[in-house]
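A short write-up of the structure that comes next.
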Amino acid sequence: MLDNKTVAQAKKRTGEPQEITEKRLFALKAFSNIDLPSLKTESWRYTSLKQIILEKFENTIEEKAKFSINKGKGVIACTVKEAFIKHKDLLMKYLPESLVDRDNDKFSAMHYSFWNTGFFIFVPKKTEAQLAITLIAEKEGAILSHNLIVVEEDSSLDYFEEQLSEKGSYLCLRNDLTYIIIKESSKVSFYNFQNWEDNVISLSNWKAVLSKDSIINWIFGQFGGKLSRVKIDTLFNGQGSSSKTSGVFYGDSEQHFDITTDAHHNVPNTNCDILVKGVLDDSSSSVYRGKIKILKEAQQTNSYLSDHSLMLSGNSISNSIPSLEIDANDVKASHGATIGKPDDEELFYLMARGLSKKEAERLIITGYFSPVLELIKNLEFKAKLEDAIEGKKK
Amino acid sequence: MSEANDIVSEYKYGFNDPEKFSFKADKGLNEALIKQISALKNEPEWMLDVRIKGYRHFLERPMPKWGANLDTIDFDNIYYYGKPEGEQATDWKDVPEGIRNTFDRLGIPEAEKKFLAGVGAQYESEVVYHSLRSDLEKKGVVFLDMDGGLREYPELVKKYFCKIIPFSDNKFSALNTAVWSGGSFIYVPPGVKIDMPLQAYFRINAKNIGQFERTLIIADKGSYVHYIEGCTAPVYSTDSLHSAVVELVALEGATIRYTTIQNWSSNVYNLVTKRAFAYANSRVEWIDGNLGSKITMKYPAIYLLGEKAHGEVISVAFAGKGQHQDAGAKIIHAAPNTTSQITSKSVSKDGGRTTYRGLLRIAKGCKNVKSNVSCDALILDDKSASDTVPYMEIYENQVSVGHEASVGRVSEEQLFYLMSRGFSQEAALGMIVRGFMDPFVRKLPMEYAIELNRLIELSMEGSVG
């Protein structure tokens, strides 16, 4: 049973003060009351939970984490446990706001009740920081990682995250939340590269809260896992804030990707631009949701979203639900979506030049992804995505 | 009351006649009333069975949790059946004077003379007037009210009734099945092309009345029909409910164009289920205009069941003060080589809200499907709002699907250009909005296009201030 005992276990592991445990107990009430979602639950309509049997994941475990601070004076990057010991006041200044559950969802409540690991990253004022982190799952159990990133005023952070898993016939359930607070005139580039073996099921949420004139750029490549659900929430809470998303995913065999990018425009004069491209091969499937929500007071906002699926196989499934909720009139908001197969004429042309069908397809896929890849300024990260794309077609 | 007066000033169909019923049920709904309606209509046993099944499903089925807010509907405060005085006429002279005057004011007899091949006029729960051009009658075209259809073509009705839209499809299709009355029954024989539109006009007159018409159109192989429906109601301070079910069958090579100009008064809940089955080489078009009502929830659907069938939905919505137009389209590709197009245009002002809600599904194995969806919304002031919620479910890769949507305000450049040419701001805005609605207006017969443009102009009055 996931219950009070699991909470006690988690508390022991993080070494948190009672104030934080209270928040867990509050979430635990919701967790006990909310039913498991079914395909009738709107947000789970296209993602089957057959593989997730909660009783199997009573054992909460930690992952292998490696940090390296490449740049930045006074930057903190450590586990939450370590931060409770060394930077308690600083951590407690920001952590509580990241522990408020606003979703009425079983798995969200599960995270807030039982999170058992995580890291704390802090970039002080007027600092340019760059750091890389590698997270490796290695055994059966549930990892519930609660991560907090705080970037103070006039700073920048390039954050590189690589998520992998050790080979093996275990099943690991991840239920993570990364919460990013970006202060005035600061900028975060959040790079995520995910290439798990097929022994990981992941439900994760990345949330960024933007202050005046701040920026978050999301750059992600999702390749691995049995089921990978990523929900990205960008909260435009400061005027002049902006965000760009460049994301790719690539599914084969029986993989399922469930990707959401929601832009919450809460104040005037904010900008958002989202581009996501996916490839689906074999019997893989995906659902992409992207909501642009502009509140009444959030005038002078521009928000764009574009999502594309390239389906290589007749057994693949692609679902797409871009949506707009616009309550202000002096705005520009739009979305576009395309779904289809590789262009026959392009294939024919390439094959007439002597390429095999496989080679021709590979070229077309490279060309298809290139508008996203070209937006990625970090060459090392870009190369990682290119390799993963190559690796898929072998 | 002052609020109702505000609306009356803009809405020219808000007048009402004294109520004259030959039969009016008590408020509220129960099985006894359903049996009574069925007995009054002298229906076959199977129809009563379906009605009862529909009613039971209506009771069990919860209200939809999505879409517009329907909390304020009071199902116990509605009259579910009201038969106006007089019998159904085929000559306007035989229609009771009060009702005839109403349709005169709505311009129906005049339109009939000029450019319609047939007319049905429904008042409350029953069709009071029906006509069809004699040459079409000779060719075997059937255009009756639904009750007449059931009496004269029971086998055909039984074959298709509730087969395109099962009573259990949703709460309101269940309600309609339980208490349906009136609506049109049309059969077009193979190869017959009806050169002028058939029109049905639906008028609610009494307070708190529900109108539940039921329409079935069967276009046999290679035939063509254009059907137009219009609807208006008086303005009252209490609400009325309009909940229709419309089933279309386009057999091989047939074309059905179904045009709706919905202009209910702003106290009518308009909750309608419309669906078409389109067989090989057929073409179905829903041309759907929503100008009136308090709340509309309507998503005309096309199931493309045969190869090379084509489906098209063109819809416009206009939401003013207190209105929510939650409209859209549903297209299911269930055969290879089928194509579809959805075009949605909406305008909101004075606190109105428009929603486009759509579904596009391509079933596995339906190769060479092409589909395109385009939704545009204009928000004219800072009190109004717009949502777009399209679902795409694609189970086949040999397809091409495109979707685009945009929301924003009227372009400053366009306004500036027109004003620099000497148009007032209001006139310029009106022109831009009419241009925006053009893909819809172009699909209408000229007389209707003119009327619609006038309606838009009327709705736009006072937009600049």
Side-chain angles (χ1 to χ4, degrees), chain A residues 40-42 45-46 279-283 285-344, chain B residues 65-66 336 346-412:
Chain A
K40 283 187 180 156
T41 314
E42 177 55 36
R45 193 161 155 174
Y46 302 99
V279 166
L280 295 163
D281 203 350
D282 305 332
S283 299
S285 54
S286 72
V287 49
Y288 171 79
R289 291 171 192 269
K291 182 159 70 189
I292 295 174
K293 188 177 167 81
I294 304 181
L295 295 189
K296 205 181 183 70
E297 48 273 38
Q299 296 282 17
Q300 289 94 45
T301 286
N302 292 324
S303 198
Y304 304 101
L305 182 156
S306 161
D307 84 282
H308 308 275
S309 278
L310 184 66
M311 296 168 81
L312 301 181
S313 148
N315 294 319
S316 58
I317 299 171
S318 169
N319 299 292
S320 170
I321 308 118
S323 63
L324 299 160
E325 264 182 57
I326 314 298
D327 280 57
N329 68 320
D330 188 9
V331 302
K332 281 185 189 155
S334 65
H335 64 228
T338 61
I339 302 171
K341 58 177 174 152
D343 186 46
D344 279 337
Chain B
K65 289 191 189 73
W66 48 275
S346 74
V347 176
S348 51
K349 68 183 275 263
D350 297 333
R353 181 169 212 109
T354 59
T355 301
Y356 170 81
R357 202 179 291 281
L359 170 67
L360 172 74
R361 183 184 292 146
I362 302 178
K364 193 173 157 94
C366 296
K367 294 187 193 307
N368 303 318
V369 165
K370 284 198 175 74
S371 175
N372 205 30
V373 180
S374 148
C375 311
D376 295 299
L378 278 182
I379 305 179
L380 296 187
D381 55 50
D382 60 7
K383 296 191 286 288
S384 308
S386 176
D387 310 312
T388 311
V389 193
Y391 283 77
M392 284 163 267
E393 303 178 353
I394 315 300
Y395 290 80
E396 168 59 46
N397 78 316
Q398 304 288 316
V399 301
S400 162
V401 176
H403 169 98
E404 53 185 31
S406 74
V407 179
R409 64 183 202 164
V410 169
S411 138
E412 293 283 348

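Residue numbers start from 1 in every chain, and the chains themselves are labelled A, B, ... in the order their sequence lines are given, proteins ahead of strands.
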Subject >> Leading residue by heavy atom contact count with chain A [cutoff under 4.5 Å; candidates V407(B), D376(B), V389(B)] >> reply: V407(B)
**OP:** For chain B, find its close neighbours in residues 310-322 of chain A: heavy-atom separation under 4.5 Å, sorted by number, or none.
**Re:** M311(A), L312(A), S313(A), G314(A), N315(A), S316(A), I317(A), S318(A), N319(A), S320(A), I321(A), P322(A)
Subject >> Contacts of residues 291-304 of chain A with chain B (heavy atom under 4.5 Å) >> reply: K296(A), Q299(A)
Subject >> Residue, of A337(A), G336(A), S323(A), that accumulates the most heavy atom pairs under 4.5 Å with chain B >> reply: A337(A)
Subject >> Nearest-0.5 Å distance that lies between atom NE2 in H335(A) and atom SG in C375(B) >> reply: 6.5 Å
Subject >> Separation between CD of E393(B) and CD1 of I339(A), rounded to the nearest 0.5 Å >> reply: 10.0 Å
**OP:** Please step through side chain to side chain contact (heavy atoms under 4.5 Å, CB included) for the pair R353(B) and D327(A), ending with a clear verdict.
**Re:** CA-CA 9 Å; R353(B) 181 169 212 109; D327(A) 280 57; 2.9 Å; yes
**OP:** Apply side chain to side chain contact (heavy atoms under 4.5 Å, CB included) to E42(A) and W66(B), showing your working.
**Re:** CA-CA 10 Å; E42(A) 177 55 36; W66(B) 48 275; over 6 Å; no
Subject >> Name of the residue among I379(B), D387(B), T354(B) meeting side-chain contact (heavy atoms from CB on, under 4.5 Å) with I326(A) >> reply: I379(B)
